[in-house]
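Down below is the structure, laid out as structure tokens.
The chains referred to below are lettered A, B, ... by the order of the sequence lines, with proteins before strands, and numbering in each begins at 1.
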Amino acid sequence: MKSEFDIQKHKLVPKHEIMTEEEISNEFSDVDYDFKNLPKIKVTDPVAESIGAKPGDILRITRESQTAGEFITYRIVEV
Amino acid sequence: MDEIRTKINEMIAEINETENLDIAFPDSYIEDLAEHYISRDLTDDELRELIIKLKLAYDRAHVEAGEAVGTVAAQSVGEPGTQMTMRTFHYAGVTELNVTLGLPRLIEIVDAREKIKTPTMDIYFTDEYKNDEEFVRTLANKIGKSTINDILKDFNLNYGTMEVEAVLDNKKIAEKRLDREEINAKIEKQFKKATKIDGDDVTISFTKTDSDFVIRELRLLADKFRDLQISGIKNIGRVIIRRDDEWIIHTEGSNLKEVLSMEGIDQVRTTTNNIHEIGQVLGIEAARQSIIDEAQKTLSEQGLSVDVRHIMLVADIMTSEGVVKSIGRHGISGEKSSVLARAAFEETGKHLLHASIRGEVDDLTGIIENIIIGQPIPLGTGSVGVKMDYKNK
């Protein structure tokens with residue numbers, strides 16, 4: 001009766017990806033804030049767990065936005 | 001459509017090159033441009049002009065650096081809030097199922113209550129089952145709570161033999177798609193040896209005959225028997241089955257995790273209105289989206305339209321720490337780093353006392369602190385300063 005369920009497929013869940021070192025340095029080299037001050041996501045968050053994120057990783061989140069069509073944001077994984 | 005989008009993107013790149021602009025439109029703008037390019041039958045020159053004009057309008061619509069967006073959001077949500085009724089309406093189209101609406105619901109959302117007044121789920125089915133009435137009814141009864149009381153034909157207390165005598169109704173059992181064997185097993189598990197099942201007749205005998213209050217206790221036993229749960233998922237009460245274009249189940253109470261793991265449930269569209277539960281099961285980003293959806297739904301049901309950007313800002317702040325936090329004393333406002341800002345909000349004495357005991361330092365970086373001590377506030381034109389250029393003396 002139980003069935004497997006892919007959390008990222010749910011309509012409320014946007015796409016989460018773990019960023020590579022290179023992507024991080026490209027993305028945050030020209031901003032005047034420290035990327036450590038990004039919004040946070042818990043390492044125990046169901047989505048973070050499902051993609052195997054570790055504390056200190058940065059997740060790229062591609063939301064479907066009502067105003068901008070598509071919107072990319074970032075969250076830093078913390079304990 | 002794709003060709004036109006590429007064409008527009010190429011044209012934007014060309015304009016950026018020749019006019020020395022830095023146009024970077026969001027996707028929705030490209031979409032709108034493409035739509036109008038087709039519907040208005042624009043020439044390339046006209047499209048070019050449109051893009052340049054749009055760039056001007058886009059820049060004008062941008063929020064200036066130093067703008068008090070939080071205050072504007074608070075006012076924009078707060079003012080329509082005063083027009084909301086305190087009444088609770090019934091769920092549109094469905095009788096009986098009550099859902100908290102209006103101002104109480106809005107307060108519930110921004111307070112990030114863990115226990116909301118009327119949790120409810122909307123359960124959808126996969127394509128395979130969404131038109132299968134039999135399957136939906138079976139599942140609805142598996143999800144919804146049923147007790148023995150729902151399947152009784154006759155029920156008696158026999159004070160002579162001190163027994164509870166019940167006759168189960170097979171028609172009702174069939175209607176609820178329940179399994180007779182399972183019901184028998186549940187009764188036997190609950191009442192052990194006192195149970196006697198003979199066809200449809202169920203007899204529970206009363207064993208503690210040495211008590212002084214035998215009649216009262218027999219009645220309590222009868223209540224216990226009638227309230228025995230024979231189906232349902234934890235935290236879910238009644239269910240309502242509804243058919244629009246497909247079968248949908250609405251529930252009273254909510255248990256997203258259990259329901260999502262059931263066979264035949266649409267794991268894409270099935271949701272709950274409990275934001276904390278969404279945060280736990282689907283993550284913080286889903287909770288953010290849910291705050292936006294629920295707040296917007298609540299406002300629009302009352303005929304109020306608030307720009308979604310204000311609500312998005314509220315949702316962003318509430319979820320920025322990785323867990324859903326409330327606006328107000330126990331959440332955002334109560335955790336500001338500045339002592340003076342916290343003291344100015346609520347519980348002034350407590351915050352000043354604790355700060356002085358711990359020797360807290362206030363850097364005076366926020367708005368409220370600076371108002372209190374009478375300095376220009378870091379907002380709007382106050383948010384820029386003058387710095388000397390040391391290199392060129």
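- For the options A:G69, A:P39, A:A68, heavy-atom pairs under 4.5 Å to chain B are most numerous at A:A68.
- Side chains of B:Q289 and B:D293: a donor on one and an acceptor on the other come within 3.5 Å.
- In terms of heavy-atom pairs under 4.5 Å with chain A, the best-connected choice from B:T271, B:V323, B:I265 is B:T271.
- Proximity to chain A (any heavy atom under 4.5 Å) is restricted, for B:I292, to the side chain, taken from C-beta onward.
- Proximity to chain A (any heavy atom under 4.5 Å) is shown, for B:E285, by both the backbone and the side chain.
- Distance OH/B:Y29 to NZ/B:K55: 11.0 Å, rounded to 0.5 Å.
- When each of B:I123, B:T120, B:L256 is tested with B:T272 by the rule side-chain contact (heavy atoms from CB on, under 4.5 Å), just one qualifies, namely B:L256.
- Under a cut-off of 6.0 angstrom, the local environment of CG in B:D244 is crowded, with over 12 non-hydrogen atoms contributed by other residues, nucleotides or ligands.
- Heavy atoms closer than 4.5 Å to chain B are found nowhere in A:E49, neither backbone nor side chain.
- Looking at B:D316, only its side chain comes within 4.5 Å of chain A, counting heavy atoms on both sides.
- Residues B:V239 and B:A140 share a closest heavy-atom pair of CG2-O, 3.6 Å.
- Heavy-atom neighbours of chain B within the stretch residues 8-17 of chain A, taken at a separation under 4.5 angstrom, comprise A:K9, A:H10, A:K11, A:L12, A:V13, A:P14, A:H16.
- There is no side-chain donor-acceptor pair under 3.5 Å between B:Y129 and B:E263.
- Counting heavy atoms of neighbouring residues, nucleotides and ligands inside a 6.0 Å radius, atom NZ of B:K145 does not exceed 12 of them.
- Between chain B and the options A:V77, A:T73, A:I61, A:V47, the largest number of non-hydrogen pairs under 4.5 Å is found for A:I61.
- A donor-acceptor pair shorter than 3.5 Å can be found between the side chains of B:E277 and B:S254.
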Checklist line | Chi angles and distances behind the side chain to side chain contact (heavy atoms under 4.5 Å, CB included) call for B:K130, B:W247 | finding: CA-CA 6 Å; B:K130 70 181 182 191; B:W247 290 98; 5.9 Å; no

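- Looking at B:T319, the atoms closer than 4.5 Å to chain A (heavy atoms on both sides) sit in the backbone and in the side chain alike.
- B:M121 and B:N255 get closest at one heavy-atom pair: SD-N, 3.4 Å.
- Counting heavy-atom pairs closer than 4.5 Å to chain B, the top-ranked of the candidates A:T44, A:T67, A:L38 is A:T67.
- Taking a cutoff of 4.0 Å between a charged side-chain nitrogen and a carboxylate oxygen, A:E27 and A:R60 do not qualify as a salt bridge.
- The candidate from A:E78, A:R75, A:E64 with the greatest count of non-hydrogen atom pairs under 4.5 Å with chain B is A:R75.
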